[in-house]
Number of protein chains: 2
Amino acid sequence: MDSSSTGTGTGGGRRAATRQKLYEAAVTLIAEKGFSATTVDEIAERAGVAKGTVYYNFASKNELFEELLRHGVGLLTASLRTAAEETEAHGGSRVEALDAMIRAGLVFIYRYPAFTQLYVAELWRTNRTWQSTLMVVRQEAVAVVEKVLREGVERGELSSEIDVQLTAAALVGMVLVAALDWQSFQRERSLDDVHSALSLLLRGRVSGNR
Amino acid sequence: MDSSSTGTGTGGGRRAATRQKLYEAAVTLIAEKGFSATTVDEIAERAGVAKGTVYYNFASKNELFEELLRHGVGLLTASLRTAAEETEAHGGSRVEALDAMIRAGLVFIYRYPAFTQLYVAELWRTNRTWQSTLMVVRQEAVAVVEKVLREGVERGELSSEIDVQLTAAALVGMVLVAALDWQSFQRERSLDDVHSALSLLLRGRVSGNR
DNA sequence: CTTTTTGAACTGACCGGTCAGTTCAAAAAC
DNA sequence: GTTTTTGAACTGACCGGTCAGTTCAAAAAG
C-alpha cells in the first residue's frame, strides 16, 4: 500500500500519473468556469479517464480541489525559495533576492496561468469550505517573502520604517496582478518587460525621489 | 405613467429601489460562494423579494451580474477621478495624486469588500460569458491611473523609464491585494497602516536607494 | 368626490433538465 | 492475485427560467 508516497514525481506509479492527469484537467476547467460550474464528468472526460476513476482517486470533488491547491502552492513556494537561496549563494543583496523572487513568480504564473487564476479567484472568498486549506498554503507562500524582507531590514538594505506583513502583501499583489494582466490583456509583452516594470517599482525608481 | 425614469438614485421609483436591493443581495452572495454556486432563489430571498421579481427586473441571472459589475466599477472610477481632481485643484503633485488615489481605492474596498472580492475573482477568467463587459469596465478604471502616470512622466515627477501600462497594473495590484489581505487576514490594522505601507512603496522609500 | 380602469410591478408554484455522488461487475494492468 | 480502472446505471436533490394570476396606486371617467 501507499506506493504513491512520493506525491507528484514522474517516477510515481500508475496512480500518481492518473492523479496528475486529473489535476491538469481540473485546473484549467476550474480556472475557466469556476469550481461549481465545473462538473466531475467534464474533469474525467478531459483527463481521458472514467468517472469512477475520479472517485477511486479522490474522496470527493471537493477533496480533489483542495489537494490541487496544496499541490500548486507547493510548486510555487519551492520555486520562490530556490530563487532566494540562489541569490544568497551568489552573495547577492536582499533586494536582489526579492528581484529574483519576482522573476520566479512571473515564471511560475507564465507556466501555470490557470492555477494562478484559480488561486486568486478563491483566496479572498468568505466561504468556509476550503478556507482553512487556503489560509495554510497562503501563509506558506507569504512567509518566504516576509523572511527576505525581514533580513533586508536587519541588514539595513531596506528602510526600517516598512511594515513587513503589509509590504509583503503589496509585493505579492504587484506581481500577481501585473502578471495576470499581462497574460490576459497584453500578451505581446515579454516576461522581461514585466519584470523590468516591477523591478523599477521595487527599487524605488518610479518616483525619482531624492 | 413612467415614474421610474430617473433610474438609480434614491429619488427613483419602486423599480430602482428593488434593483438596488437585488444588487446588494447578489453582491454578498456571489462574493461568498461564486456566481454559479449562488442561486437566484437565494438572491431573491435575501433581497426580500419573490423570484419572479428578479426576472421582471433583469433578463437573466447573467444580466443581473453584468449590470452589477458596471454599477460597482462605476462607483470606483468616480471615486478615483474625484481623488485625482481634488489633488489637482489643491495644486498637489502627480505623486500626491497617486497617493490620494491609493487612499480612495482603499476606502472603496473597505466600504465594498464584497464587490471587490467578486471583481477580483472574475476578472482574469478565460470565460467568454461576461468577459467583454469586464474588459470594458476594467479599462475604464485602469485608464484613470494611467492618465495620472503619464502626466507625472511629462512633468518630470516620474522616471521616463517607466512603462505606464505595466506600472498601472502593478499599482492597482498592490492596492487590491494589500487591501483584500488586510480585510481577510489582518483586520486589526487601520486603514492608515495600509495606506502608509503602500505610500512608502510608491514613493520608493522601501529600498532606501541612493 | 366616487367609481372604474389601467398596467407596471410583483408573486410563487411549476417544469424540464442537470449534477454530485454511489454502486458494481468485469476488464486491464501490474 | 492484487491493485487500479472502466463505464454504465441509478438516485435524489437542486436550479434557471416561465407564466398565469394578484396587487395597488394613480389616471380616467362619471
Side-chain angles (χ1 to χ4, degrees), chain A residues 1-27 29-30 32-68 122 127-130, chain B residues 1-26 29-30 32-68 127-130:
Chain A
M1 226 166 282
D2 192 29
S3 63
S4 66
S5 56
T6 32
T8 30
T10 26
R14 196 157 54 120
R15 189 114 190 246
T18 303
R19 290 171 73 104
Q20 182 63 29
K21 278 195 294 182
L22 284 170
Y23 283 154
E24 281 164 22
V27 78
L29 284 168
I30 297 178
E32 278 167 27
K33 320 166 39 163
F35 176 78
S36 46
T38 301
T39 71
V40 175
D41 286 293
E42 280 174 317
I43 296 173
E45 193 194 336
R46 184 170 297 193
V49 144
K51 187 178 182 178
T53 306
V54 176
Y55 284 93
Y56 180 78
N57 283 280
F58 299 95
S60 63
K61 182 189 177 187
N62 229 300
E63 213 201 75
L64 162 57
F65 182 60
E66 290 194 42
E67 295 202 19
L68 172 58
E122 297 298 333
N127 196 0
R128 297 274 143 224
T129 323
W130 43 66
Chain B
M1 224 167 282
D2 190 32
S3 62
S4 67
S5 56
T6 31
T8 24
T10 27
R14 196 152 59 120
R15 187 111 189 249
T18 303
R19 289 171 73 105
Q20 183 63 30
K21 280 195 293 182
L22 285 170
Y23 282 153
E24 281 164 23
L29 284 167
I30 298 178
E32 278 166 28
K33 319 165 45 161
F35 176 79
S36 45
T38 301
T39 70
V40 176
D41 285 292
E42 281 175 315
I43 296 174
E45 193 194 336
R46 183 170 297 194
V49 144
K51 188 177 185 176
T53 305
V54 177
Y55 285 93
Y56 180 77
N57 283 279
F58 299 96
S60 63
K61 183 187 175 187
N62 230 301
E63 213 201 74
L64 162 58
F65 183 59
E66 290 193 43
E67 294 202 18
L68 172 59
N127 194 0
R128 293 279 143 222
T129 322
W130 44 64

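Just the heavy atoms: all of them, side chains too, but no hydrogens, waters or symmetry mates, feed the values below. If you're wondering where the values come from, they're calculated on a predicted model, not measured in any experiment. Protein chains get the first letters and strands the later ones, always in sequence-line order, with residue 1 at the start of each.
- Rounding to whole angstrom units, CG of residue B/L64 and P of D/dG17 are separated by 11 Å.
- Residues from residues 49-58 of chain A that place a heavy atom under 4.0 Å from any atom of DNA chain D, listed by number: A/V49, A/A50, A/G52, A/T53, A/Y56, A/N57.
- Applying the 4.0 Å criterion to OP1 and OP2 of C/dG21, one finds that A/S60 has every side-chain N and O outside that range.
- Following rounding to the nearest Å, A/D41 (CG) and C/dG17 (P) show an atom-to-atom distance of 18 Å.
- Between A/F65 and A/F35, the ring planes are tilted. Angles from 30° to 60° get that label.
- Between B/T129 and B/N127 the shortest heavy-atom distance is OG1-OD1, 2.7 Å.
- In the displayed structure, A/E63 atom CD is contacted under 6.0 Å by more than 12 heavy atoms of other residues, nucleotides or ligands.
- One interatomic measurement links the two molecules: NZ of B/K21 to C1' of C/dA9, which rounds to 12 Å at whole-angstrom precision.
- Salt-bridge check for B/E24 with B/R46: failed, with every basic side-chain N at 4.0 Å or more from each acidic carboxylate O.
- The distance between atom CZ of B/R19 and atom C1' of C/dA9, rounded to the nearest whole Å, is 13 Å.
- Heavy atoms only, all atoms of each residue included: B/L29 and B/T38 are closest at O-OG1, 3.3 Å.
- Among the duplex regions that DNA chain C forms, those built from at least three successive Watson-Crick or G-U pairs under 3.5 Å are C:1-30 with D:1-30, ordered by first number.
- Across all their heavy atoms, B/L68 and B/A26 have their closest contact at CD2-CB, 4.2 Å.
- In this structure, B/K61 places its NZ atom 8 Å from P of D/dG17, rounding to the nearest Å.
- A/T38 comes within 4.0 angstrom of sugar-phosphate atoms only, judged by non-hydrogen atoms across all strands, and of no base.
- Rounded to whole Å, atom C1' of D/dC15 lies 15 Å from atom CD of B/E45.
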Could you give me the CA-CA distance, side-chain angles and deciding distance for B/T53 and B/N57, then say whether side chain to side chain contact (heavy atoms under 4.5 Å, CB included) is met?
-> CA-CA 6 Å; B/T53 305; B/N57 283 279; 3.4 Å; yes
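- For the pair B/I43 CD1 and D/dC15 C1', the computed distance is 12 Å after rounding to whole Å.
- Here NZ of B/K61 is found 13.0 Å from CD of B/E66. Values are rounded to the nearest 0.5 Å.
- Salt-bridge formation is not detected for the pair A/E45/A/K51: no Lys NZ or Arg NE/NH1/NH2 atom is positioned less than 4.0 Å from an Asp or Glu carboxylate oxygen.
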